[in-house]
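Sequence positions, counted from 1, serve as the residue numbers for this chain. Counting convention: from 1, in listed order, for ligands and their atoms alike.
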Amino acid sequence: MLRGIYPGSFDPVTLGHMDIIKRGSHLVDELIVGVLCNNAKMPLFSVEERVKMLEEVTSDLPNVRIMPFDGLLVDFVKEMDAQVVIRGLRAITDFEYELQMAQTNYKLAPEVEYIFLPTNLQYSYLSSSMVKEVAAFGGDISQFVSEAVIDRIKERYREIKR
Ligand code: PNS
């Protein structure tokens with residue numbers, strides 16, 4: 001049984017993430033999307049909210065499971081009895097950071113392998129930070145995130161402005 005972990009902050013999940021989840025789910029028997037409880041990064045959504053949104057947008061993918069995690073990625077990979085980590089690469093600028101992270105993790109846990117999937121060209125510019133920036137100023141984010149997520153973001157910014 002090949003189990004993969006797709007880790008990230010997913011604050012919030014974008015169409016680019018969804019594309020990687022779908023394609024990644026075809027490469028392994030089970031794909032666990034690991035949602036980092038990164039309170040230090042001051043996320044817009046709590047980890048519970050991010051997990052819920054991911055569950056909604058992946059409900060049609062039977063071999064995908066969403067789990068929160070804290071601490072080191074390699075510890076989470078071992079805890080989940082997974083063998084590979086999947087990450088998306090949007091551009092060369094992602095590569096340096098991703099390579100450094102993978103190589104650090106390789107030092108910590110040489111048995112864990114990495115699979116890098118090139119992001120679909122359609123989403124190569126897309127990031128959660130950009131989505132939040134556009135949404136914060138009332139812009140149209142319908143090309144960036146799923147409908148369920150649009151409503152949550154709008155609601156969150158309404159709450160913040162109150
Ligand atoms: O979506 P992101 O924010 O680019 O995801 C980054 C993530 C969650 C993959 C990375 O920050 C991570 O793995 N954090 C867990 C802590 C860890 O293991 N750090 C050592 C890796 S160098």
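- V131 and T14 get closest at one heavy-atom pair: CG2-CG2, 4.0 Å.
- With respect to atom 19 (N) of ligand 1, the closest heavy atom belonging to the protein is L72 CD2, 4.0 Å.
- We find the CG-NZ distance between L31 and K22 to be 13.5 Å, quoted to the nearest 0.5 Å.
- Scanning the protein heavy atoms around atom 3 (O) of ligand 1, the nearest turns out to be S9 OG, 2.6 Å.
- The nearest protein atom to atom 11 (O) of ligand 1, hydrogens excluded, is given as Y97 OH, 3.9 Å; this is a heavy-atom distance.
- Between D140 and S142, the side chains place a donor N or O and an acceptor N or O closer than 3.5 Å (distance only, hydrogens not considered).
- With hydrogens and angles left out, the side-chain atoms of R90 and N120 include no donor and acceptor closer than 3.5 Å.
- Polar contact check, T104 against ligand 1: no nitrogen or oxygen pair lies under 3.5 Å apart.
- For atom 4 (O) of ligand 1, the closest heavy atom belonging to the protein is R87 NH2, 3.0 Å.
- Contact annotation for Q100 and ligand 1: no heavy atom of the residue comes within less than 4.0 Å of the ligand.
- The closest protein non-hydrogen atom to atom 22 (S) of ligand 1 is M101 CG, 3.5 Å.
- Here R87 does not pair with D94 in a salt bridge; the nearest charged N to carboxylate O distance is not below 4.0 Å.
- The single protein non-hydrogen atom nearest to atom 14 (N) of ligand 1 is L36 CD2, 3.9 Å, given as residue, atom name and distance.
- With atom 18 (O) of ligand 1 as the reference point, the heavy atom nearest to it among V85, N105, V74, L73 is part of L73.
- Regarding atom 15 (C) of ligand 1, its nearest protein heavy-atom neighbour is G71 O, 3.4 Å.
- Taking 4.0 Å as the cut-off between side-chain N and carboxylate O, E55 and K52 do not count as a salt-bridged pair.
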